[in-house]
Amino acid sequence: MTPEELSATIRACLIEGIEAGTFDLDAADVPEIQVERPRQREHGDWATNAAMLLAKRAGSTPREFANALAGILATKPGIDSAETAGPGFLNIRLAADAAGELARTIVQLGADYGRGESLTGKTVNIEFVSANPTGPIHLGGTRWAAVGDSIARLLEFHGARVIREYYFNDHGTQIDRFAASLLAVVLGEETPEDGYAGQYIQDIADQILQDAAIAGEKYPLNAPREEELEFFRSRGVRLMFGEIKKSLAAFGVEFDVFFHEDSLHDSGKVAQALAELKASGSLYEAEGAWWLRSSEFGDEKDRVVIKSDGNAAYIAGDIAYIRDKHERGADLCIYLLGADHHGYVARLKAAAAALGYDPDSVEVIIGQMVSLVKDGGPVRMSKRAGTVVTMEDLVDAVGVDAARYALARSSADQTIDIDLDLLSSKSNANPVFYVQYAHARTAGVRRNAAEYGIVRDDAFDASLLTHEAEAKLLGLLGEFPRVVAQAAAFREQHRVARYLEEVANAYHGWYDRTRVTPQGDEPITDLHRTRLWLNDAARQVIANGLGLLGVSAPERM
RNA sequence: GCCCUCGUAGCUCAGCUGGAUAGAGCGUCGGACUUCUAAUCCGUAGGUCGCAGGUUCGAGUCCUGCCGGGGGCACCA
């Protein structure tokens, strides 16, 4: 019996009680019943606080109400016992076969176990990383890659059509500075003010010159500076773009759309959106510039959209971009931004509102910073000095799985430390190995069972799964759909990781205390076969969960 | 000054959007491999949940105010 089925059963009992006059309530007042796993195992398999929520309205006390409900519930099939506890909790114990049935359900559902429908029919655009093509993806961007892709997978698991999108700011002063920095190293000049430094600038400049030489092109020496800059600008951006795409692909993140800010300007979409806003009165002219009335939509002040020098401000592109995303079918636009951009949230929502969209169709997830620890101390990173740690560095040091897991297992609200020594260790201290090892163990058990000739389909007797460790494991496996549903609803991928760590722990404990294969000359019994179902159910849940995090589920380690 | 965010075991962090005696891993200490991988398991110790009020049957969770860390407050992107 799944928690959902139990919840429905309790609800049916309430309706039954109302019709029998036991509860002085209206059937329409009965809410969705929440069941939860009690912290203390002695409290039973599941507990509900329904009586505490409803007693007042029914003119009863929580304990009385719970007692009456328990009386009805205890008669239902699959329920072993139901008893009132504490202030009015109802502790429920499932019959062993009802609890164990879940193992077969999970195996039969396979990769679909845990899937939900809450976003079916919705199209969600999720934009993340979006690092400027002025350098490699640094540690912060790597975090959003791991988190964003995992959230995308969760939303897809709940039925959404998801567009993973990367926005390239290839328009504006950052790019100009990047070009100027490339030119500077070629000319042997100092890095310009607000420019970019580091070995990669030298590498890219060398690459540009080499490519040009191979193509028989000459770099425009002694040409007007504008021409020199343009030469390095276009080639540098293209090379950097290629590097970024390569890193992301190696990290296992596949974007559906790489969107160039330039294209919004070139296609006239920016001009068109701004013309609309002028017509609707959302833009006004003052002090030689054009302003968006963002303060009318919740921002703390109005924002300049067209600067007094006639150039578009950054937000102009974003306005057109929001329109473009909606026109491409997005019902919801999610942005992952670093904490240093939180001031931008109100502006984005205001832009959406000014365009006539629901501000809630723009959702911004603000993530905190990542820092690096090595040899027990912090590693200083400086973009100017060129000592940033890149996505590639991290993957080289610990591998994709450890990197993605470590970055996804914490709430985005939390600043995190990435400890390189810990992530390359193979022990409990490194959670990704803990979880992956549990999966590898399930696979090992399955291989051994096959060698013994234990065949799952020969028998399944749920009532045999009576061991304490089995009850614990089954209870956790049953929670997977709800963990996924909450993770998807709150956009909190870390819940999946934390849950998997619990499942891994329960599996390791079960593995330690029970056996799937017979010892010595023992004959193969239905208990062995039934346990193989449970083993495979645990494997399936861990594999499904790791899949949502973009982490591999190895068969052997 | 204003805004966002965090503050939970020695350390790194969970805490299921208000529920029972606040959890996990690491680190302490002590146990468990002749039979499915010990990259594991079991036990032990460790807490005024930053502080002070409030809301209610009940608060780590919600509200207010302080304290402390981080981030942000551009006609930069």
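Labels below follow one simple rule: chain letters A, B, ... track the order of the sequence lines, proteins then strands, and each chain is numbered from 1. For the numbers below, each heavy atom of this structure counts, side chains included, while hydrogens, waters and symmetry mates do not.
- Distances shown here put every side-chain N or O of A:Gln414 at or beyond 4.0 Å from the OP1 or OP2 atom of B:U12.
- Within the nucleic acid shown, A:Gly520 comes within 4.0 Å of at least one base atom, counting heavy atoms only.
- Phosphate contact (OP1/OP2 of B:C41, side-chain N/O of A:Lys472, threshold under 4.0 Å): absent.
- Of the residues listed (A:Ile365, A:Val362, A:Val364), the one engaging A:Val345 in a side-chain contact (heavy atoms from CB on, under 4.5 Å) is A:Val364, and it is the only one.
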Checking A:Glu165 against A:Tyr321 for the side-chain hydrogen bond (donor to acceptor under 3.5 Å, both in side chains) test, could you report, in this order, the C-alpha distance in whole Å, the side-chain angles of both residues, the deciding distance, and whether it holds? CA-CA 12 Å; A:Glu165 191 141 330; A:Tyr321 194 24; 2.6 Å; yes
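- Counting any heavy atom pair closer than 4.0 Å across all strands shown, A:Thr514 reaches a base atom.
- When the shell of 6.0 Å around CD of A:Glu285 is examined, it contains more than 12 heavy atoms from other residues, nucleotides or ligands.
- Rounded to whole Å, the distance from CG on A:Asp340 to P on B:G72 is 6 Å.
- Helical stems of RNA chain B (runs of at least 3 Watson-Crick or G-U pairs, donor-acceptor distances under 3.5 Å) are listed by first residue: B:1-7 with B:67-73, B:10-13 with B:23-26, B:29-32 with B:40-43, B:50-54 with B:62-66.
- A cation-pi arrangement, defined by a distance under 6.0 Å to the six-membered ring centre and an angle within 45 degrees of its axis, is present between A:Arg441 and A:Tyr511.
- No contact: A:Arg446 has no heavy atom under 4.0 Å from any strand.
- Taking syn as a glycosidic angle within 90° of 0, B:C33 qualifies as syn.
- Within the 4.0 angstrom heavy-atom criterion, only backbone atoms of the sugar-phosphate kind lie near A:His494; the bases stay farther away.
- Within the nucleic acid shown, A:Thr415 comes within 4.0 Å of sugar-phosphate atoms alone, with no base atom in reach, counting heavy atoms only.
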Stepwise side-chain contact (heavy atoms from CB on, under 4.5 Å) test for A:Asn505 and A:Tyr434: CA-CA 8 Å; A:Asn505 176 257; A:Tyr434 186 74; 3.0 Å; yes
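- Side-chain contact between A:Ile334 and A:Arg491 is present, with at least one heavy-atom pair separated by less than 4.5 Å.
- Contact check, A:Arg441 against B:A38: a side-chain N or O comes under 4.0 Å of OP1 or OP2.
- The aromatic rings of A:Trp291 and A:Tyr284 sit parallel, their planes meeting at an angle under 30°, below the 60° perpendicular limit.
- Using a 4.0 Å heavy-atom cutoff across all strands shown, A:Thr517 reaches at least one base atom of the nucleic acid.
- No donor-acceptor pair closer than 3.5 Å links the side chain of A:Gln540 to the backbone N or O of A:Ala537.
- OP1 and OP2 of B:C33 both lie 4.0 Å or more from every side-chain N or O belonging to A:Tyr511.
- Distances shorter than 4.0 Å separate some side-chain N or O of A:Asn505 from OP1 or OP2 on B:C41.
- Going from the P atom of B:G69 to that of B:A32 covers 48 Å, rounded to whole Å.
- A:Glu300 comes within 4.0 angstrom of sugar-phosphate atoms only, judged by non-hydrogen atoms across all strands, and of no base.
- Within the 4.0 angstrom heavy-atom criterion, base atoms lie near A:His342.
- The side chain of A:Arg409 places no N or O atom within less than 4.0 Å of a non-bridging phosphate oxygen (OP1 or OP2) of B:A14.
- Between A:Gln368 atom CD and B:G71 atom P the separation is 10 Å, expressed in whole Å.
- A:Asp417 comes within contact range of the sugar-phosphate backbone alone, with a heavy-atom separation under 4.0 Å but no base atom that close.
- Figure legend: cation-pi geometry between A:Lys307 and A:Tyr314 absent, as NZ or CZ is not positioned both under 6.0 Å from the six-membered ring centre and within 45° of its axis.
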Identify all pairs in which a protein N or O lies below 3.5 Å from an N or O of nucleotides 56-64 of chain B, and state each distance.
| unit_1 | atom_1 | unit_2 | atom_2 | d |
| --- | --- | --- | --- | --- |
| B:C57 | OP1 | A:Lys56 | NZ | 3.3 |

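- Distances shorter than 4.0 Å separate none of the side-chain N or O atoms of A:Lys307 from OP1 or OP2 on B:A74.
- Residue A:Tyr499 places no side-chain N or O under 4.0 Å from the OP1 or OP2 atom of B:A14.
- Between the CG atom of A:Leu423 and the C1' atom of B:C13 there is a distance of 14 Å, rounded to whole Å.
- A cation-pi contact, defined as under 6.0 Å to the ring centre and within 45° of the axis, is absent between A:Lys472 and A:Trp510.
- Within the 4.0 angstrom heavy-atom criterion, only backbone atoms of the sugar-phosphate kind lie near A:Ile416; the bases stay farther away.
- Among the protein residues, A:Asn311 comes within range of no part of the nucleic acid, since none of its heavy atoms lies under 4.0 Å from any strand.
- The gap from the P atom of B:G30 to that of B:C16 amounts to 36 Å, rounded to the nearest Å.
- Between A:Trp46 and A:Arg93, the closest side-chain pair of non-hydrogen atoms is not below 4.5 Å.
- An OP1 or OP2 oxygen of B:U17 is reached within less than 4.0 angstrom by a side-chain nitrogen or oxygen of A:Gln486.
- At a threshold of 4.0 angstrom between heavy atoms, the contacts of A:Ala47 include nucleobase atoms, whether or not backbone atoms are also involved.
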